[in-house]
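Worksheet: the structure to be examined is printed underneath.
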Amino acid sequence: MIIREIEQNSEEWIEYRKGKSGGSEFKDLWTSSLPLKSKIVDRLIKTSKPIGAKETVQELAAKLDPKDLAELKLESAPKKHYYEIIADRVARPLTPNDYADRLNGKTFSMMERGHILEPEAKAAVEKKLETEFEKESVIWEREDNPNIYISPDGWKKNENGKVTKALEIKCLSSEKVVEAFLTGQYPPEYFPQVCKYFIVNDDLEILYFAIYTDLIPELELLLWEIHRNDVRDSLAEMRAYEDAIMARIDEDTQKIIDKGF
């Protein structure tokens, strides 16, 4: 064991901890759940370990070498802190002062950061795709329900004047950018929003989903091209659900209005 004399909460202490696994943070990396029984059995067979016919998952896992068990656990998706550690190593720290001259008197927030970075993100997408998106700010509204809409960050018409392409831009925290890069997927929590584009605009063929950052030069722009067929199986259910939930909101709103408040 090496003992280092560093005052806790000092700048040196904060800098030392970056990109490392400390005591209080290890719980955010550790996976206590066991792998699937089939995976454990496969590894036991591979390592020539005996397998009882009626053994539980816990009993089978206990027969694995710690290294084999750790490898199986690591096959599952890591926790958020895994990506935070990597972000500490590769990303420039986010400081609100970086945007002080562009806040125009507003208080810094991640949403405001997104608004500030959106123009340069859009320019980066256009450069990569070698195409331009409309600059006008618009809202798309469902023809059959004015309470259901979406706000595109960019859009493009085809030769017939129909809007067939759209752009959605996200300026996320560094650990989210790292996760998207390493998994090759945009964050799944945005899947409903992706589908919403195709639900509101029946003519939409392609949505470009962009993740932009000014904190990791190597990962400045991540871009996904999403076609209607990629999400088609989810559109009908999501549309029906949104219609139903908005109708319920209307009904419950009316109950309150009828009270005379």
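Below, each value reflects all heavy atoms present in this structure, side chains not excepted, and no hydrogens, waters or symmetry copies.
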- Item | Cationic N near anionic O, under 4.0 Å, Asp42 to Lys39 | no
- Query: In Å, rounded to the nearest 0.5 Å, how long is the span from CD1 of Ile206 to CG of Leu167?
  - Reply: 12.5 Å
- Query: If you round to the nearest 0.5 Å, how far is CG of Leu103 from CG of Asp98?
  - Reply: 10.5 Å
- Item | Pair Glu225-Asp230, side chain to side chain contact (heavy atoms under 4.5 Å, CB included): steps then yes or no | CA-CA 10 Å; Glu225 182 177 302; Asp230 297 333; over 6 Å; no
- Query: Do the non-hydrogen side-chain atoms of Arg113 and Thr213 ever get within less than 4.5 Å of each other?
  - Reply: yes
- Identify which one of Tyr208, Phe191, Phe209 satisfies the ring pair (Phe, Tyr, Trp, His ring centres under 6.0 Å) criterion when paired with Tyr186. Phe209
- Item | Joint hydrophobic cluster, Ile85 plus Trp13, side-chain heavy atoms closer than 4.5 Å | no
- Item | Any Asp243 side-chain heavy atom under 4.5 Å of Ile148 side chain | yes
- Using the side chain to side chain donor-acceptor pair (under 3.5 Å) rule, take Glu175 and Ser173 through it: C-alpha gap first, then chi angles, then the decisive distance, then the call. CA-CA 6 Å; Glu175 72 271 7; Ser173 57; 3.0 Å; yes
- Query: Can you hop from Leu74 to Leu182 via hydrophobic side chains spaced under 4.5 Å?
  - Reply: no
- Task: Would you indicate whether Glu132, at its atom CD, is surrounded by more than 12 heavy atoms from other residues, nucleotides or ligands within a distance under 6.0 Å?
- Result: no
- Got a donor-acceptor contact below 3.5 angstrom from the Glu112 side chain to the Thr107 backbone? no
- Least distance between heavy atoms, Pro192 atom then Pro188 atom: CD-O, 4.0 Å
- Message: Is any side-chain heavy atom of Pro187 closer than 4.5 Å to one of Ile211?
- Response: yes
- Task: Could you list all the ring pair (Phe, Tyr, Trp, His ring centres under 6.0 Å) pairs where at least one residue sits in residues 70-96, not counting sequence neighbours?
- Result: none
- Tell me, do Leu221 and Lys127 make a side-chain contact under 4.5 Å, heavy atoms counted? no
- Quick one: list whatever passes ring pair (Phe, Tyr, Trp, His ring centres under 6.0 Å) with Tyr149, sequence neighbours left out. none
- Inspect the surroundings of CD in Glu75 and state if more than 12 heavy atoms from other residues, nucleotides or ligands are less than 6.0 Å away. yes
- side chain to side chain contact (heavy atoms under 4.5 Å, CB included) evaluation trace for Trp224 with Val194: CA-CA 11 Å; Trp224 287 263; Val194 166; over 6 Å; no
- Query: With Asp250, which residues qualify under salt bridge (Lys or Arg N to Asp or Glu O under 4.0 Å), at least two apart?
  - Reply: none
- Would you indicate whether Gln254, at its atom CD, is surrounded by more than 12 heavy atoms from other residues, nucleotides or ligands within a distance under 6.0 Å? yes
- Query: Can we say Lys122 and Glu118 salt-bridge, meaning some charged N sits less than 4.0 Å from an Asp/Glu carboxylate O?
  - Reply: no
- Which heavy-atom pair separates Ile51 from Leu60 by the least distance, and what is that distance? CG2-CD2, 3.8 Å
- Query: Looking only at heavy atoms, which two atoms of Thr183 and Glu179 are closest? And how far apart?
  - Reply: OG1-O, 2.7 Å
- Task: Write out all pairs satisfying ring pair (Phe, Tyr, Trp, His ring centres under 6.0 Å) with one or both partners inside residues 32-70, taking only residues at least two apart or from two chains.
- Result: none
- Which salt bridge (Lys or Arg N to Asp or Glu O under 4.0 Å) pairs, counting each pair once, include a residue from residues 187-198, with sequence neighbours left out? Lys176-Glu189, Lys196-Glu242
- Message: Using side-chain heavy atoms (C-beta onward) and a distance below 4.5 Å, is Thr131 in contact with Lys156?
- Response: yes
- Query: Backbone N or O of Val163 within a donor-acceptor pair of the Asn201 side chain at under 3.5 Å?
  - Reply: yes
- Is there any salt bridge (Lys or Arg N to Asp or Glu O under 4.0 Å) pair reaching into residues 63-72, and which pairs are they, with sequence neighbours excluded? Arg43-Asp68, Arg43-Glu71, Lys49-Asp65, Glu55-Lys63
- Value for CG (Leu222) from NZ (Lys170), rounded to nearest 0.5 Å, stands at 14.5 Å
- Where Leu117 and Cys171 come nearest, the two heavy atoms and their spacing: CB-SG, 3.7 Å
- Note on the structure: CG of Leu235 to CG of Asp202, rounded to nearest 0.5 Å, is 9.5 Å
- Query: Given side chains that start at C-beta, do those of Ile216 and Ser174 come closer than 4.5 Å, heavy atoms only?
  - Reply: yes
- Query: Do Lys20 and Asp88 touch side chain to side chain, with heavy atoms closer than 4.5 Å?
  - Reply: no
- Looking at residues at least two apart in the chain, or sitting in another chain, which of them share a ring pair (Phe, Tyr, Trp, His ring centres under 6.0 Å) with Phe198? none
- Flag yes if Met111 and Ile169 sit in one hydrophobic cluster, no otherwise; membership is Ile, Leu, Val, Met, Phe, Trp, Tyr, and two members link when side-chain heavy atoms are under 4.5 Å apart. no
- Note on the structure: With sequence neighbours left out, the residues meeting side chain to side chain donor-acceptor pair (under 3.5 Å) with Asp144 are Arg142, Arg239
- Item | Derivation and outcome, side chain to side chain contact (heavy atoms under 4.5 Å, CB included), residues Tyr190 and Glu168 | CA-CA 10 Å; Tyr190 295 115; Glu168 175 63 31; over 6 Å; no
- Message: Are Leu36 and Ile45 linked, directly or through intermediate hydrophobic residues, by side-chain heavy-atom contacts shorter than 4.5 Å (ILVMFWY only)?
- Response: no
- Message: With rounding to the nearest 0.5 angstrom, report the CZ to NE2 distance, Arg232 to His227.
- Response: 12.0 Å
- Query: Do other residues, nucleotides or ligands put more than 12 heavy atoms under 6.0 Å from the NZ atom of Lys79?
  - Reply: yes
- Item | Heavy atoms of other groups near Met110 CE, more than 12 under 6.0 Å | yes
- Give a yes-or-no answer on whether the side chains of Ser10 and Glu12 include a donor-acceptor pair shorter than 3.5 Å. no
Please tabulate, for side-chain N and O atoms in residues 25-35, each donor-acceptor pair with protein atoms closer than 3.5 Å (sequence neighbours left out).
from: Glu25; atom 1: OE1; to: Gly22; atom 2: N; distance (Å): 3.3
from: Glu25; atom 1: OE2; to: Arg17; atom 2: NH2; distance (Å): 2.2
from: Lys27; atom 1: NZ; to: Ser24; atom 2: O; distance (Å): 3.1

- What residues form a salt bridge (Lys or Arg N to Asp or Glu O under 4.0 Å) with Glu141, not counting sequence neighbours? none
- Looking at CE of Met238 and CD1 of Ile245, how far apart are the two atoms once the value is rounded to the nearest 0.5 Å? 14.0 Å
- Residues in salt bridge (Lys or Arg N to Asp or Glu O under 4.0 Å) contact with Lys165, at least two apart in sequence or another chain: none
- Close side-chain approach of Val125 and Phe133, heavy atoms under 4.5 Å: yes
- Message: side chain to side chain contact (heavy atoms under 4.5 Å, CB included), that's the test. Do Val90 and Leu219 meet it? Break it down for me.
- Response: CA-CA 10 Å; Val90 302; Leu219 302 182; 5.7 Å; no
- Residues that Tyr99 engages under ring pair (Phe, Tyr, Trp, His ring centres under 6.0 Å), provided they are two or more places apart: Phe108
- Between Leu64 and Val57, is there a shared hydrophobic cluster once you connect ILVMFWY residues whose side-chain heavy atoms come closer than 4.5 Å? yes
